[in-house]
Amino acid sequence: MFEATQEARETYPSKRILSHFMQPHYPFLRETGREISHAGFEWTKRIVEEGESSRDDPTVWALADGEVSDESVRVAYDENLELALPYVKKLVDTTDRRTVVTSDHEDLLGKQIAPFDGKRYGHTPGTDVDALRKVPWLVIENGDRRRIKPGPPESKGVVDQTTVRDRLSHLGYTDPAEGL
């Protein structure tokens with residue numbers, strides 16, 4: 001991701017660059033994480049590569065719900081984050097422009113969000129808590145913002161609404177029954 005971001009900066013000097021490191025999301029890549037089954041990752045991989053749409057396979061959240069300890073899942077997330085952060089720092093250190101570092105929302109790693117409620121995992125539809133809505137936003141003033149030059153959009157083809165809804169659903173952002 002670091003190299004792709006550097007290449008994008010060079011290729012598109014008059015465009016804003018958005019880089020999305022997956023960490024701390026699974027797949028878990030380091031010692032503790034490698035001991036956790038990656039059934040959820042395999043399911044996602046099949047969706048992407050083979051176009052399957054079955055949700056019968058367990059996800060990483062089922063893992064945190066008893067097959068491994070909450071602490072092991074937290075350690076696996078921390079290990080992944082430790083893997084990515086040095087590259088984020090290097091990107092920030094190698095730019096002379098204003099930079100924003102943010103991340104995805106939190107995941108509920110065994111949090112109890114209401115009295116008499118059990119532990120919650122992931123980001124299930126309909127769960128309205130700050131941890132799932134608020135994201136960090138760190139602005140680093142290394143200089144001016146890039147001067148963006150408009151240009152004609154690059155079309156990668158049209159994606160129909162069903163495909164968009166399915167992809168967002170697979171990522172946990174929408175309920176397929178509710179639509180977009």
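Start at 1 with the first residue, then count along the sequence. What's counted below: heavy atoms across the whole structure, side chains too, no hydrogens, waters or symmetry copies.
In this structure, OG in Ser72 is found 13.5 Å from OH in Tyr77, a value given to the nearest 0.5 Å. In this structure, Thr11 OG1 and Gln6 CD are separated by 11.0 Å, a value rounded to the nearest 0.5 Å.
Hydrophobic clustering, with ILVMFWY side chains joined whenever heavy atoms are under 4.5 angstrom apart, keeps Val100 apart from Phe2. Cluster annotation: Leu132 and Val135 are assigned to distinct hydrophobic clusters (Ile/Leu/Val/Met/Phe/Trp/Tyr, side-chain heavy-atom contacts under 4.5 Å, transitive). No single ILVMFWY cluster, assembled from side-chain heavy atoms under 4.5 Å apart, contains both Tyr12 and Ile148. Note: the hydrophobic cluster containing Val101 does not contain Leu85 (ILVMFWY, side chain heavy atoms under 4.5 Å, direct or indirect links). Put simply, Met1 and Leu91 are part of the same group of oily side chains (I, L, V, M, F, W, Y) that touch within less than 4.5 Å, one to the next.
Of all heavy-atom pairs spanning Leu83 and Arg30, the tightest one is CD1-NH2, 3.4 Å. Taking both residues in full, the closest heavy atoms of Thr5 and Ser19 are given as OG1-OG, 2.5 Å, listed atom of the first, atom of the second, then distance. For the residue pair Asn80 and Leu29, the shortest heavy atom distance occurs at OD1-N, 3.0 Å. The two residues Thr95 and Asn142 have their closest heavy-atom pair at O-ND2, 3.3 Å. Counting all heavy atoms, side chain and backbone alike, Pro86 lies closest to Glu82 at CD-O, 3.1 Å.
Atom CD of Glu7 has 12 or fewer heavy atoms from other residues, nucleotides or ligands within 6.0 Å. Heavy-atom neighbours of Glu141 CD from other residues, nucleotides or ligands within 6.0 Å: above the threshold of 12.
In this structure, the side chain to side chain donor-acceptor pair (under 3.5 Å) partners of Arg133, at least two apart in sequence or on a different chain, are Asp128, Asp130.
Thr94 has its side chain within reach of Arg9: a pair of non-hydrogen atoms, C-beta onward, lies under 4.5 Å apart.
With Lys15 contributing its side chain and Lys149 its backbone, the two residues share a donor-acceptor pair below 3.5 Å.
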